[in-house]
Amino acid sequence: MNPRKISENVYLLGAIDWDRTLFDSLIPLPQGTSYNSYLIQGSEKTVLIDTVEPDKAYILKNQLQQFPKIDYIISLHAEQDHSGTIPQLLEQYPDAQVFTSVREKPMLTDLMPELDPGRITTVEDGETLSIGDFTFEFLYTPWVHWPETMSAYLREKKYLFSCDFFGAHLATSEMFANEDPLVLVSNKLYYAQIMQPLRNFVTKNLEKVNTYDIEMILPSHGPIYNVPSFILDAYDEWVNGPTKNEVVIPYVSMHHSTLKMVEHLMTALTDRGIQVQPYNLTVADLGQIAMSMVDASTIILASPTLLGNTHPLMANAIAVAALLKPKAHFIGFIGSYGWSDNVPKKVADMVAPLHKEPLPFVNFRGYPTKEAHKQLEELADIIQQKHQQIGVIN
Ligand code: FEO
């Protein structure tokens, strides 16, 4: 793709990664992603904001051929999908200087030892950089997504360059998000997987950027927000909004006993007006589970006992949930066993780091009996009461 004009003197560069399926060797990317760079031509200096993943460097370098001079490279975030091509660009533009946050500079040189620290200038929170007729203001926005992350506000255009913050892993040739609900699904998936664990920081950063008069938000992944309220309002709901009347049920079953328990519980919950979302962990997409955890009030884990432990797929799901730090209020466990009934105690220890109110665990030997059904219905009653207490159901 050639450089594309966003407005007078502001261009979108970078690479669309249509084929990428995984980020950080963990996060599924069902719709690929993009690495956005932005070029701003001031009356005195030309600036490039962020670069691209090194394997896409050739695309950015081709785009830059029509811009003979880059004076400044603003690096908003040290992760290589945005910073990895800086060393090559410093070779291409021997007079260019890099601007980063104070915390980012050593991270850049740690990650890319070939970088000359003498070519990196640090900026403080609130500091400005003039490029003639345009002025950037730097806002420290830590932990969206790493501790050094910052954003840049182009005052004359009222553009906020936010890097990972508000991004979407979405490969699309559409430059603007407009108010496309499909973009919002990608945003929510991205939020669920990347920003959800950092919710407290996201809240503070959201408050900070909301003090600015913003005409457009230009992230370094996905389309540009030409209607800023579209993404700002969505973030406000995901971060600060209440949970919903929903129960997410990651489950695994070996011989259908646990599956029958899940089915019975789901029926009991829906009879009580509670939404359910099961995920069979043998086939489930981790991203979809993460997205359900943005809204769910209750998490019910369902697993058989395997060699005296919960199933390894469940152990992995619990570990991921602990990383995501979902807003859910309540957590429970149901399952079946053959001869060893010590799993509930082990699961209780495993879920303790999530800091959720535990619900009664239901663990039964073999295929679920009438007594098991009765206990599952009692569990559904308790979930209904709990949801009433937190006000998500009448
Ligand atoms: Fe898009 Fe944290 O990198």
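In this chain, numbering begins with 1 at the start of the sequence shown.
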Distance (rounded to the nearest 0.5 Å) between I300 CD1 and Q277 CD: 14.5 Å

Could you go through the ring-ring contact (aromatic ring centres under 6.0 Å, His included) check for F67 and Y11 one step at a time? CA-CA 11 Å; F67 300 100; Y11 298 87; 5.6 Å; yes

Looking at N36, D164, N187, D17, which hits side-chain hydrogen bond (donor to acceptor under 3.5 Å, both in side chains) with H221? D164

Would you say E156's side chain and T135's backbone share a donor-acceptor pair under 3.5 angstrom? yes

To the nearest 0.5 Å, how far apart are OG1 in T211 and OH in Y153? 9.0 Å

Are any side-chain N or O atoms of R20 and backbone N or O atoms of G32, one a donor and one an acceptor, separated by less than 3.5 Å? no

N/O donor-acceptor pair under 3.5 Å between T141 side chain and N205 backbone: no

Would you say CG of L22 has more than 12 non-hydrogen atoms from neighbouring residues, nucleotides or ligands within 6.0 angstrom? yes

Taking K244 first and then E237, would you say they form a salt bridge - that is, a charged N and a carboxylate O separated by under 4.0 Å? yes

Among pairs that include at least one residue of residues 110-124, which meet side chain to side chain donor-acceptor pair (under 3.5 Å), considering only residues two or more places apart or in two chains? Q97-T121

Let me see the working for L324 and I289 under side chain to side chain contact (heavy atoms under 4.5 Å, CB included), right down to the final yes or no. CA-CA 10 Å; L324 291 174; I289 300 176; 6.0 Å; no

Closest approach of H145 to H77 (non-hydrogen atoms, all atoms of both residues): ND1-NE2, 3.8 Å

L218-F165 co-clustered via ILVMFWY side chain contacts under 4.5 Å: no

Quick one: pull up CD1 in I70 and CD in Q41 and give me the separation to the nearest 0.5 Å. 8.0 Å

Ring pair (Phe, Tyr, Trp, His ring centres under 6.0 Å) partners of residues 27-48, not counting sequence neighbours, each pair once: Y38-F161

With ring pair (Phe, Tyr, Trp, His ring centres under 6.0 Å) as the test, pick out the partner of F166 among Y225, Y190, Y235, W238. Y235

Determine yes or no for a side-chain-to-main-chain donor-acceptor pair under 3.5 angstrom, with T243 supplying the side chain and D295 the backbone. no

If the threshold is 4.0 Å, N to carboxylate O, is there a salt bridge linking K374 and E377? no

Any side-chain to backbone donor/acceptor pair from Q388 onto N394? Under 3.5 Å, distance only. yes

Nearest non-hydrogen partners of V294 and K327, listed with the distance: O-CE, 3.5 Å

Closest approach of C163 and D50, non-hydrogen atoms and distance? SG-OD2, 3.3 Å

For V343, is there any backbone N or O sitting under 3.5 Å from a side-chain donor or acceptor partner on T305? no

Can you name the nearest heavy-atom pair linking P326 to R199, along with the distance? C-NH1, 4.0 Å

For M1, does its backbone N or O pair with a side-chain atom of Q63 as donor and acceptor, under 3.5 Å? yes

Can you tell me how far apart CZ (R365) and OG (S340) are? Round to the nearest 0.5 Å. 10.0 Å

State the CD1-CD1 distance between I74 and I40, to the nearest 0.5 angstrom. 6.5 Å

Got a donor-acceptor contact below 3.5 angstrom from the K208 side chain to the Y140 backbone? yes

For the atom pair CG (L129) and OH (Y72), what is the distance rounded to the nearest 0.5 Å? 5.5 Å

Going by the side-chain contact (heavy atoms from CB on, under 4.5 Å) test, name the single residue among N363, V362, D349 that passes it with P344. N363

Just by modelled atom types, is the S83 backbone N or O under 3.5 Å from a matching donor or acceptor in the S75 side chain? no

Considering all heavy atoms, the nearest G366-S336 contact: O-CB, 3.7 Å

Min side-chain heavy-atom separation Y337-S257 under 4.5 Å: no

For M350 against P353, the heavy-atom pair lying closest together: O-CD, 3.2 Å

Keeping T85 on the side-chain end and V52 on the backbone end, is there a donor-acceptor pair under 3.5 Å? yes

